[in-house]
Amino acid sequence: MRNRKRNWIPEMGTAAPEMAETLPVASESPAGCKARAARNVLGQVVLPGEELLLPEQEETDGVGVAGERPLRLNAGMRSRLRVVCGPGLRRCGDRLLVTKCGRLRHKESGSGSSGGIYWVDSQQKRYVPVKGDHVIGIVTAKSGDIFKVDVGGSEPASLSYLAFEGATKRNRPNVQVGDLIYGQFVVANKDMEPEMVCIDSCGRANGMGVIGQDGLLFKVTLGLIRKLLAPDCEIIQEVGKLYPLEIVFGMNGRIWVKAKTIQQTLILANILEACEHMTTEQRKQIFARLAES
């Protein structure tokens, strides 16, 4: 018989000679990088699966400055750090993980306590309702005393006819299907239908309610909306110097703008849409040309 060369196949429980070496155990985060301090990566891009380390302040007991360690949710009274996780971040046990790709942002809390709010600024287009957000919705249906409003989320929001300034059972607001509504969320979570109102805590409209029939409604990314609503945004100041206008921003990525003429309205809408991808020099050149014309 002719001798045939057979490949050696290891049995169960044994390892091939080439693979007998011990594989190193990965000590990195799922994103492929070691855990980084959050304060050192503010404004930088973070990836899903990364673990962030937050400065933890503990009561001094003779030792020096507190070090950095992963956020512990069961630290009890020892930790004075109170951190609020915004979009793109998730608490998993005693860890703080990144769930979206984007730039890490931070905002100090208004109460003056340490920690503040951390979130990931990502270029997403789908809006997830958040309690307290001011949005622009479209009335799609009326069911009894409740209006159904499309806010760009996974399901429509509900709006009561009593959630308007001065509304009573006899004095009902004039809201029709297809109208634009500017309001804020009072209920928004994954287990309940989002609920909108057009009044503030004092019962005043404060600019909320039915938006006029004229004007143009268009949609942009959520990142551009947050950029335009920033207190130090130069784009809105420059746009206001071009033409007299009325403008409404919704945190759900919708903008309603109205100028003196239809041509000016279209120009403003095109400028706002293009500002997301323009540099500061390009934007100033365009505004200078429009000001001269």
Side-chain angles (χ1 to χ4, degrees), residues 48 71 73-74 82-100 102 105 107 109-111 115-122 124-169 172-173 175-211 217 219-223 225-226 229 248-256:
L71 178 65
L73 302 182
N74 56 355
R82 183 178 183 274
V83 176
V84 178
C85 300
L89 298 175
R90 180 169 59 90
R91 293 180 178 180
C92 183
D94 59 350
R95 305 290 181 178
L96 186 62
L97 301 178
V98 180
T99 59
K100 293 182 181 179
R105 304 294 185 185
K107 180 181 179 182
S109 59
S111 59
I117 304 174
Y118 285 88
W119 76 94
V120 177
D121 190 3
S122 59
Q124 67 179 33
K125 292 187 177 181
R126 182 179 178 181
Y127 174 71
V128 178
V130 178
K131 182 180 179 180
D133 278 0
H134 289 75
V135 297
I136 299 177
I138 305 174
V139 179
T140 57
K142 180 180 179 181
S143 177
D145 297 332
I146 302 296
F147 299 101
K148 295 296 182 180
V149 184
D150 175 22
V151 293
S154 59
E155 59 180 344
S158 61
L159 174 65
S160 174
Y161 76 97
L162 293 175
F164 293 85
E165 182 180 2
T168 60
K169 292 184 178 180
R172 294 172 176 260
V175 180
Q176 305 296 331
V177 175
D179 287 347
L180 299 180
I181 298 292
Y182 179 64
Q184 66 174 343
F185 286 111
V186 292
V187 175
N189 56 58
K190 62 180 181 179
D191 300 322
M192 297 181 62
E193 181 184 28
E195 181 179 345
M196 289 178 57
V197 295
C198 294
I199 52 177
D200 56 13
S201 58
C202 299
R204 300 293 183 179
N206 198 14
M208 293 179 287
V210 180
I211 304 177
L217 178 69
K219 185 173 177 60
V220 296
T221 61
L222 304 183
I225 285 292
R226 289 190 288 266
L229 291 177
V248 180
F249 295 100
M251 289 299 296
N252 55 343
R254 293 174 178 174
I255 300 177
W256 179 87

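Computed from a prediction, not measured in an experiment: that's the story for all the values here.
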Hey, could you give me the NZ/CH2 distance between K107 and W119, rounded to the nearest 0.5 Å?
7.0 Å

Y127 to V151 - nearest heavy-atom pair and separation
CD2-O, 4.0 Å

Could you check if a side-chain atom of L229 sits within less than 4.5 angstrom of a side-chain atom of I225, using non-hydrogen atoms only?
yes

My understanding is that only one of V248, V210, L217 makes a side-chain contact (heavy atoms from CB on, under 4.5 Å) with L180; could you say which?
L217

Calculate, to the nearest 0.5 Å, the distance between atoms CZ and NZ belonging to R90 and K100 respectively.
12.5 Å

Residue pair V175, F164: steps toward the side chain to side chain contact (heavy atoms under 4.5 Å, CB included) verdict
CA-CA 10 Å; V175 180; F164 293 85; 3.9 Å; yes

Would a 4.5 Å heavy-atom cut-off, applied to side chains only, mark D145 and R172 as touching?
yes

Donor-acceptor pair, Q184 side chain versus H134 backbone, under 3.5 Å?
no

Run the numbers on I181 and V139 for side chain to side chain contact (heavy atoms under 4.5 Å, CB included), then give the verdict.
CA-CA 7 Å; I181 298 292; V139 179; 3.5 Å; yes

Heavy-atom pair with the smallest gap, counting every atom of T99 and L89:
OG1-N, 3.8 Å

Using atom types as modelled, flag every donor-acceptor pair under 3.5 Å from a side chain in residues 194-202 to any protein atom, sequence neighbours excluded.
unit_1	atom_1	unit_2	atom_2	d
D200	OD1	C202	N	3.1
D200	OD1	G203	N	3.1
D200	OD1	R204	N	2.7

Let me confirm one number: the CE-CZ distance from M251 to R226, rounded to the nearest 0.5 Å.
6.0 Å

Is D150 paired with R254 through a side-chain N to carboxylate O contact shorter than 4.0 Å?
yes

Distance check, rounded to the nearest 0.5 Å: I146 atom CD1 versus S158 atom OG?
6.0 Å

Any idea which heavy atoms bring Y161 and A167 closest together, and the distance?
O-CB, 3.3 Å

Sub-3.5 Å donor-acceptor pair from the side chain of D179 to the main-chain atoms of I138, do we have one?
no

If you compare all heavy atoms of F249 against all heavy atoms of I136, which two are closest, and at what distance to 0.1 Å?
C-CD1, 4.2 Å

Identify the two heavy atoms, one from E155 and one from E193, that lie closest to each other, and give their separation to 0.1 Å.
OE2-CA, 3.8 Å

